[in-house]
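I have placed the structure first, in the form of structure tokens, so that the comments after it can refer back to it.
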There are 2 protein chains.
Amino acid sequence: MVDRADFVRKTVAMIEPIRRARTGERREQILAVALRLFGERGAGNVTTRQIAEAVGISQPSLYAHFASADAIAEELCVRSFDTLQARFAATAAEYPDPWQRVDMLGRAYIEFGIENPDMYRIAFMPTRESGPPPGMTFDLAAHDPGLAAGLRAFGSLRDTIAEIRGRDDAHVDVIAQAIWALVHGLTSLLISKPYFPWAEREALVEALLAMARSYLASQKAR
Amino acid sequence: MVDRADFVRKTVAMIEPIRRARTGERREQILAVALRLFGERGAGNVTTRQIAEAVGISQPSLYAHFASADAIAEELCVRSFDTLQARFAATAAEYPDPWQRVDMLGRAYIEFGIENPDMYRIAFMPTRESGPPPGMTFDLAAHDPGLAAGLRAFGSLRDTIAEIRGRDDAHVDVIAQAIWALVHGLTSLLISKPYFPWAEREALVEALLAMARSYLASQKAR
DNA sequence: ATTGATAGCCTATCATTGATAGGTCATCAC
DNA sequence: GTGATGACCTATCAATGATAGGCTATCAAT
């Protein structure tokens with residue numbers, strides 16, 4: 001199987017004139033191919049050899065462009081979450097009412113996760129626990145780019161909660177993190193258990209966001 | 001490294017009289033060792049050779065007791081969730097008031113996840129999406145024992161919601177699943193992002209459960 | 001045009017991993 | 001005893017991520 005693919009690649013290389021990709025060009029090509037394969041077979045079922053074959057280069061050549069196999073997934077993940085951030089920014093701009101905005105941010109988040117299950121999985125459902133080695137609690141982002149990208153998006157939610165609760169409220173972080181947990185919970189379950197007999201998705205989303213709303217409302221009344 | 005461990009095992013085997021474990025005995029021993037190693041290094045960082053070495057047998061011998069490496073983790077996972085079910089049953093018996101019971105079930109769930117991060121990860125944060133092959137939507141449990149075990153526990157929550165909302169309320173499933181998503185969200189995030197600057201855990205738990213409570217209360221008032 | 005450096009690519013090869021094949025032998029029921 | 005069972009072993013696979021070391025297309029500076 002691999003030998004045959006390798007044979008094809010070599011044969012093509014003999015017939016076609018040798019053309020090398022320009023700096024950065026091949027790198028983008030690898031990312032594009034990897035993204036496609038991730039979508040087709042799931043991120044966990046794609047090997048470096050499959051990527052290399054699809055690109056048309058040898059497997060070790062990948063390492064000239066990326067430090068490791070994970071680095072490829074990581075970069076795709078960061079880029080993917082940058083689009084979430086953009087979506088959040090657009091949503092925030094569209095809904096001046098912070099109450100409505102929280103709702104729409106939550107929906108955008110869940111939607112993003114469902115549309116990009118592989119990227120979401122890499123960022124927030126890692127196999128191994130991520131994070132810096134013990135004793136290094138600073139610079140978390142450098143050790144978990146996926147988290148860093150996700151959190152830039154998370155900022156929009158936190159700002160909106162601050163707008164509702166007042167910027168000085170020490171509870172803002174608690175509420176923002178709780179709402180994050182809430183939307184993450186549904187998103188990750190829908191991704192990891194697609195065959196579960198779920199209730200209608202819209203009803204679930206609405207119920208969860210209603211929980212957040214009624215909590216915020218009850219807190220406001222105090 | 002492996003050679004040395006192998007040498008030690010062989011030497012011991014030469015000195016000690018050959019003693020074979022009785023049927024079922026070795027199997028339990030393997031599970032116990034695997035559980036310990038999972039806790040020490042994380043479930044994803046334990047290899048079959050490490051387990052075999054710790055048990056004192058050769059790596060292929062594991063396959064006389066388990067069909068695959070995953071099967072070991074799977075069995076531990078099922079057993080682990082059976083303890084959650086027991087905990088749920090005890091909690092349900094202790095709190096006759098369904099409102100209070102929902103609260104305590106949620107707390108028990110989160111606690112369980114934090115105390116058994118590896119088992120929780122295996123059951124609800126799989127690397128690949130679980131489920132039956134396309135076209136086979138029945139008998140989900142047989143294809144995902146971890147989920148099956150978890151859902152037996154989930155039943156307690158659903159029953160409690162039914163007690164609050166009335167058994168005929170079609171919304172019971174939506175609410176129960178939403179609350180499940182809610183507690184799962186916090187649990188999985190605390191497990192996968194332990195280094196994140198979380199707010200105080202108790203405040204987060206309380207905020208999330210308060211969200212569920214105020215939603216249930218607002219629904220009741222209608 | 002020549003040259004030197006950069007970088008893209010290759011072949012060969014590792015170590016590690018989960019898993020299988022086939023044989024040996026302790027144990028136990030009869 | 002004796003045969004069946006099954007626990008165990010050695011040898012060996014194929015697949016995977018990764019590294020070592022060499023070749024050469026490309027391009028800027030001379």
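First the proteins, then the strands, lettered A, B, ... as listed; each starts at 1.
- Between the C1' atom of dG6(D) and the CD1 atom of Ile30(B) lies a distance of 14 Å, rounded to the nearest Å.
- Atom OH in Tyr63(A) sits roughly 15 Å away from atom P in dC10(C) (whole-Å rounding).
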Given Watson-Crick and G-U pairs under 3.5 Å, DNA chain D in dot-bracket ([ ] crossing, | other strand) is ||||||||||||||||||||||||||||||
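- For Glu25(A) and dT6(C), the CD to C1' distance is 17 Å, given to the nearest whole Å.
- For Asp70(A) and dT16(D), the CG to C1' distance is 13 Å, given to the nearest whole Å.
- Each of dG17(D), dA20(D), dC8(D) was ranked by its minimum atom distance to the side chain of His65(B); first place goes to dC8(D).
- Side-chain atoms of Ile57(A) lie closest to dC9(C) of the nucleotides dC9(C), dA19(C), dA18(D).
- Along DNA chain D, the nucleotide nearest to Pro60(A) and the one nearest to Gln50(A) differ in position, and the one closer to the 5' end is contacted by Gln50(A).
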Start with the C-alpha distance between Arg49(B) and Glu53(B), add both sets of side-chain angles, then the distance that settles salt bridge (charged side-chain N to carboxylate O under 4.0 Å, His left out), and finish with yes or no.
CA-CA 6 Å; Arg49(B) 281 168 177 79; Glu53(B) 178 192 335; over 6 Å; no
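- Of the side-chain N and O atoms in Ser58(A), none sit less than 4.0 angstrom from OP1 or OP2 of dC9(C).
- Whole-Å rounding puts the Gln59(B) CD to dT16(C) C1' distance at 11 Å.
- In this structure, CZ of Phe66(B) is placed 18 Å from C1' of dT20(C), rounded to the nearest angstrom.
- Contact annotation for Thr47(B): backbone-only contact, meaning every heavy-atom pair under 4.0 Å involves sugar-phosphate atoms and none involves a base.
- dG6(D) atom C1' lies 16 Å from atom CG of Leu62(B), rounded to whole Å.
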Kindly indicate, with the supporting measurements, whether the criterion salt bridge (charged side-chain N to carboxylate O under 4.0 Å, His left out) is fulfilled by Arg87(B) and Glu115(B).
CA-CA 13 Å; Arg87(B) 228 149 113 178; Glu115(B) 286 172 9; 3.3 Å; yes
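- DNA chain D is contacted by both Ala69(A) and Ala64(B); Ala64(B) maps to the nucleotide lying nearer its 5′ end (nearest heavy atom per residue).
- A donor atom on one side chain and an acceptor atom on the other are found under 3.5 Å apart for Ser58(B) and Ser61(B).
- Taking only side-chain atoms of Arg26(A), from C-beta outward, the nucleotide of dA19(C), dC9(C), dA18(D) with the closest atom is dC9(C).
- The nearest whole Å value for the distance from the CG atom in Asn45(A) to the P atom in dG17(D) is 11 Å.
- Separation of atoms CD (Glu111(A)) and CE (Met104(A)) is listed at 8.0 Å; rounding is to 0.5 Å.
- Atom CZ of Phe154(A) sits about 13.0 Å away from atom CZ of Phe81(A), to the nearest 0.5 Å.
- A sub-4.0 Å separation between OP1 or OP2 of dT16(C) and a side-chain N or O of Arg49(B) is absent.
- No donor-acceptor distance shorter than 3.5 angstrom exists from the side chain of Arg158(A) to the backbone of Ala176(A), with no hydrogens or angles considered.
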Could you go through residues 33-41 of chain B and list every donor-acceptor pair under 3.5 Å that involves a side-chain atom there, pairing it with any protein atom two or more places apart or in another chain?
unit_1, atom_1, unit_2, atom_2, d
Arg36(B), NH1, Glu40(B), OE2, 3.1
Arg41(B), NH1, Gln50(B), OE1, 3.2

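- Comparing dA7(D), dT19(D), dC9(C) against the side chain of Ser61(A) picks out dC9(C) as the nearest.
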